[in-house]
Amino acid sequence: MTWDELKSSCESCKRCPLGETRTKLVFGTGNREAKLMFVGEAPGGEEDKTGIPFVGAAGKLFDKYLEAVGIDRNEVYIANILKCRPPQNRDPLPEEQDVCIDYLREQVRLIKPKMIVCLGRISAMRLISPDYRITKEHGKWVKKGQYDMTAVYHPSLLLRDASRRDEMLADMIEVARRYNEIK
Ligand code: URA
């Protein structure tokens, strides 16, 4: 599948009802040849309006971490498990994830990143392990197939709980250190 084919199948997707309630598809953004990919959970309100992942309050905080550790947002690729916003920003349902994950898989197949960083619990449970415990396991690295993977706290958690920001910075410093080795 090409990028154009993938995007148009996402645009016309009827695999779950979220395509009917969303404003814009949030397909993913960044460098299609990125070595590093970040995967969040699902679009929120600002993302739904703009069609771009991580542009709301959580996204602005995430940008600060990228800047702090010297990762250029345009160099990496950013996507979510879900491409459409769940109403009231509720957690993505397992059945929504089950049908939407194929699109993310196809994005990963096209990009062929070396490193994948999950943003938050939902993404880590889906991409690393169903019993992933973010508070215990964030910042640990695993090799899954050809990908080096880790998870860090979701930036929206850090908006609610600033006490975890130092751990997030340490995890992101390690992401940048590894990224600088391979880029
Ligand atoms: N939270 C996410 O997980 N993804 C976004 O794109 C925005 C907020």
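Whatever order the structure lists ligands and atoms in, that order sets their numbers, starting from 1. Because the structure is a prediction, the values reported are computed rather than measured.
Nearest heavy atoms, Cys84 versus Pro43: O-CD, 3.5 Å.
Ligand-side atoms of ligand 1 in range of Gly40: 3 (O), range being under 4.0 angstrom from any heavy atom. Near Glu41, meaning under 4.0 Å from any of its heavy atoms, are these atoms of ligand 1: 2 (C), 3 (O). Ligand-side atoms of ligand 1 in range of Pro53: 6 (O), range being under 4.0 angstrom from any heavy atom.
Contacts between Glu47 and ligand 1 below 4.0 angstrom, taking non-hydrogen atoms only, involve the side chain exclusively. Under 4.0 angstrom from ligand 1, there are no non-hydrogen atoms of Ala58.
On a distance-only criterion, Phe54 and ligand 1 share at least one N/O pair closer than 3.5 Å.
A cation-pi contact links Arg15 to Tyr103, judged by a cut-off of 6.0 Å to the six-membered ring centre and 45° from its axis.
Contact annotation: the side chain of Trp141 approaches that of Glu174 to within less than 4.5 Å [non-hydrogen atoms, C-beta and beyond].
Under the 4.0 angstrom criterion for non-hydrogen atoms, Asn80 is in contact with ligand 1. Ligand 1 has Ala42 within reach: a non-hydrogen atom of the residue lies less than 4.0 Å from it. Heavy-atom distances between His154 and ligand 1 reach below 4.0 Å in at least one pair.
Put simply, the residue from Arg178, Arg177, Lys183 that forms a side-chain hydrogen bond (donor to acceptor under 3.5 Å, both in side chains) with Glu181 is Arg177.
Within 6.0 Å of atom NZ in Lys143, more than 12 heavy atoms from other residues, nucleotides or ligands are found, so the atom counts as buried in its surroundings.
Contact check on Asp63 versus Lys60 returns no salt bridge, with no Lys/Arg side-chain nitrogen under 4.0 Å from an Asp/Glu carboxylate oxygen.
Donor-acceptor pairing under 3.5 Å is lacking for the side chains of Gln107 and Lys7.
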